[in-house]
Each structure stands twice: as structure tokens, then as C-alpha cells.
*Asks:* 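Can you keep this structure in mind? I'll have questions shortly.
Order of the sequence lines fixes the chain letters, A, B, ..., with proteins taken first and strands second; residue numbering starts at 1 for each chain.
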There are 2 protein chains.
Amino acid sequence: MTISEISKKCNISPDTLRYYEKVGLLSYVNRTSGGIRNYTEQDCAQVEFIKCMRSAGLSIEILRRYFELFRRGKRTLKARRDLLAKERENLQMRFKELQDTIKRLDYKISVYDKALKSKDNELKF
Amino acid sequence: MTISEISKKCNISPDTLRYYEKVGLLSYVNRTSGGIRNYTEQDCAQVEFIKCMRSAGLSIEILRRYFELFRRGKRTLKARRDLLAKERENLQMRFKELQDTIKRLDYKISVYDKALKSKDNELKF
DNA sequence: ATATCAGTTAGAGTTAACTCCAAGTCAAGC
DNA sequence: GCTTGACTTGGAGTTAACTCTAACTGATAT
């Protein structure tokens, strides 16, 4: 798969793919004899994983650390597991916060709806 | 309340408070005769609201728009309600995504735990 | 009256994560 | 052999959201 093919397939720009490679999220992408990147299905799955974690809020730096551990081989299994478990806990916290914020917005919207009905209230902010 | 007092109370830096004022999130903060900001409880509640929305991911720009509508008075009630409702929907989507990502991490962690037990598996990434 | 200290401003600097650009290369079609 | 078009690189530019700096001011304690 060329860079533009995986770009379309994974909906991520070629520039971003090269950037991810440069900073260590996608190491050792195969090349053709002419020096052109040749992505595998496995690379594609990894890109999907990165995209998913990025959109949940994991930083490039955390993911870089994760893949760096990977490159060091099997003896880092435990460290990788623990890194993921820690990030999972962070997400769990953000999940609860998000839930509360949605509730807060729901309440605020209901206050707006009341004000709109009664036609003469203003809110504090 | 001086800036350092509200800073401690709301756990937000004085620089950030001045920045929020500059970009239009906190307009018309009262001043003493000497020109020093004098925050009210109401300002404090507004700062808490901003903090909550910011940490859920709402941008400064969206919040700026919200408070700008506010300044235009009662006739923008509906527009403000709709702005909040739209952001609420965005958060709802991110909430679901986050839930899926947490599940995905749980699965991945369980795969790690299996690999750690069997002592000889490596994962793909 | 002077030193101290918390506040003020405008504007510069920082960070993360891209995103763009210019100059060059390579394979394929005419 | 030449053009075209997709690729390559290193490095510069962008954006959001702060964060810091320098120079200044005004109230309070000695």
C-alpha cells in the first residue's frame, strides 16, 4: 500500500503518517527499491490503533513510549501492559467528568427552555 | 476578591484569568479605584463554568461566542440555548467514542495478561 | 520617604500536533 | 529522451491555549 492508499483507507493525511513515523509511532515502514513507503495491513491496523488512542486524548509522547517499549521486545510486556492500564484509568476519570459535564449542560439547557417559555427571564451567564 | 484569591479558589492561574478576560470570556470584571481587578462570587461561578467546559473540550472560541451572545442581551436566549445544545451533542458523541476506546483498552490489557501468563507470546503491537 | 509587594500592561515565548513548502527523485506513458 | 505525477526529504509555518517577561504603578509597613 502506498502512502496515499493508506491515507485514504485510514482517513489520515500523508503528512501526518510521515510525521508519526518521524517521531517513532510507526517505525520501520517497508520501502520499495525506489525508496517509496510500502505499508502492510499490519501497519494499517497500527495506524487505526494510534488514531483511536489519539482521538481519546492519549498524547503522541505516551504512544511514542509505548512503541519504544515494543521495539525493546518481549521483556517489556509488563511495562507495556502497565502503561496501557494507567492510560485506561486516566480515560476512566475523563469519562466520568464528561458524564457530569453533559448532565450540567442538560440542566443549563432546561433552564434556558424555561426562560424561553416565560419570555421575561435572563440568566446569570 | 483579588486575582490571586480567585486564582487559588478556582485553581486557575492569574495569567490565564487575564487571558480569558482579554479574549472575551470574562468581560467587564470590576476594578478598584487603583485599577485592580475585583472579582465577585458571580465571576467565580462563571470561571468554574468555563473551567468545566474547557476540560470537557469546548474551545475558547466557542465559549467566546457564547459570552458574546450574552452581552447582546435577552434577544439571544434562543441562540445561546442552541449553541449549548449543539455542544452537548458533540460531547455525547465523544462520550460514546471514549466508552468504546476504554473497552478496546480493556480488551488489549486482557490480551497482555494472557501473554504474561503463558510466558512466551508476543503481540503484534 | 522609601522599600516591598501584589497588582497592572503589552507583547514575546512556549508546547503539542500537525501542516505546508521547496527542491529533488523515480517510474510510466508518449 | 522528455514530461507527468506521485513520491521523497529537511525544515519552516501554523494554530490553540496558555505562560512568561519587562517595565511600571499604587497601597502599605517601617
*Asks:* Closest-nucleotide mapping onto DNA chain D: is B/Gly57 or A/Ser4 further toward the 5' terminus? I mean the 5' end.
*Replies:*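 That would be A/Ser4.
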*Asks:* Under the side chain to side chain contact (heavy atoms under 4.5 Å, CB included) rule, what do B/Glu122 and A/Leu77 come out as? Steps first, then yes or no, please.
*Replies:* CA-CA 8 Å; B/Glu122 180 53 288; A/Leu77 269 171; 3.8 Å; yes
*Asks:* Go through the side-chain N and O atoms of B/Asp43 and B/Thr40 and say whether any donor and acceptor fall under 3.5 Å apart.
*Replies:*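 Per modelled atom types, B/Asp43 and B/Thr40 side chains form a pair under 3.5 Å.
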*Asks:* For a 4.0 angstrom threshold against heavy atoms of chain A, report the outermost contacting nucleotides of DNA chain D in 5' to 3' order.
*Replies:*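 Endpoints of the contacted stretch of DNA chain D: D/dC7 to D/dG11.
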*Asks:* Please determine if B/Arg80 forms a cation-pi arrangement with B/Phe70, meaning its NZ or CZ atom is less than 6.0 Å from the six-membered ring centre and no more than 45° off the ring axis.
*Replies:*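 Yes, B/Arg80 lies over the aromatic ring of B/Phe70.
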*Asks:* Nearest 0.5 Å, please: how far is CD in A/Glu61 from CZ in A/Arg64?
*Replies:*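 Separation between the atoms: 4.0 Å.
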*Asks:* Hey, can you tell me if A/Phe49 and B/Phe125 have their rings parallel, tilted or perpendicular (30° and 60° cut-offs)?
*Replies:*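 Because their plane-to-plane angle lies in the 30° to 60° range, the rings of A/Phe49 and B/Phe125 count as tilted.
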*Asks:* When you measure from every atom of DNA chain D, which of residues 60-67 of chain B have a heavy atom less than 4.0 Å away?
*Replies:*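 Heavy-atom contacts with DNA chain D come from B/Ile60.
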*Asks:* Is there side-chain contact between A/Ile3 and A/Val29, with heavy atoms separated by less than 4.5 Å?
*Replies:*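 A/Ile3 does not reach A/Val29 side chain to side chain.
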*Asks:* Could you tell me if the side chain of B/Asp100 sits less than 4.5 Å from the side chain of B/Arg104, heavy atoms only?
*Replies:*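 Contact flag for B/Arg104/B/Asp100 side chains = no.
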*Asks:* Quick one: is the NZ or CZ of A/Lys9 closer than 6.0 Å to the six-membered ring centre of A/Tyr39, and within 45° of its axis?
*Replies:*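 Checked: cation-pi criterion not met.
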*Asks:* Identify, residue by residue, the members of residues 13-45 of chain A with a heavy atom below 4.0 Å from DNA chain D, and return them in order of residue number, or none.
*Replies:*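 Heavy-atom contacts with DNA chain D come from A/Arg18, A/Lys22, A/Arg31, A/Gly35, A/Ile36, A/Arg37.
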*Asks:* Is B/Lys124 close to A/Gln46 at the side-chain level, that is, under 4.5 Å between some pair of heavy atoms?
*Replies:*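 Answer no - side chains too far apart.
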*Asks:* Anything under 30° is parallel, anything over 60° is perpendicular, the rest tilted; go ahead and classify B/Phe95 against A/Phe95.
*Replies:*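 Rings of B/Phe95 and A/Phe95: parallel, as their planes differ by under 30°.
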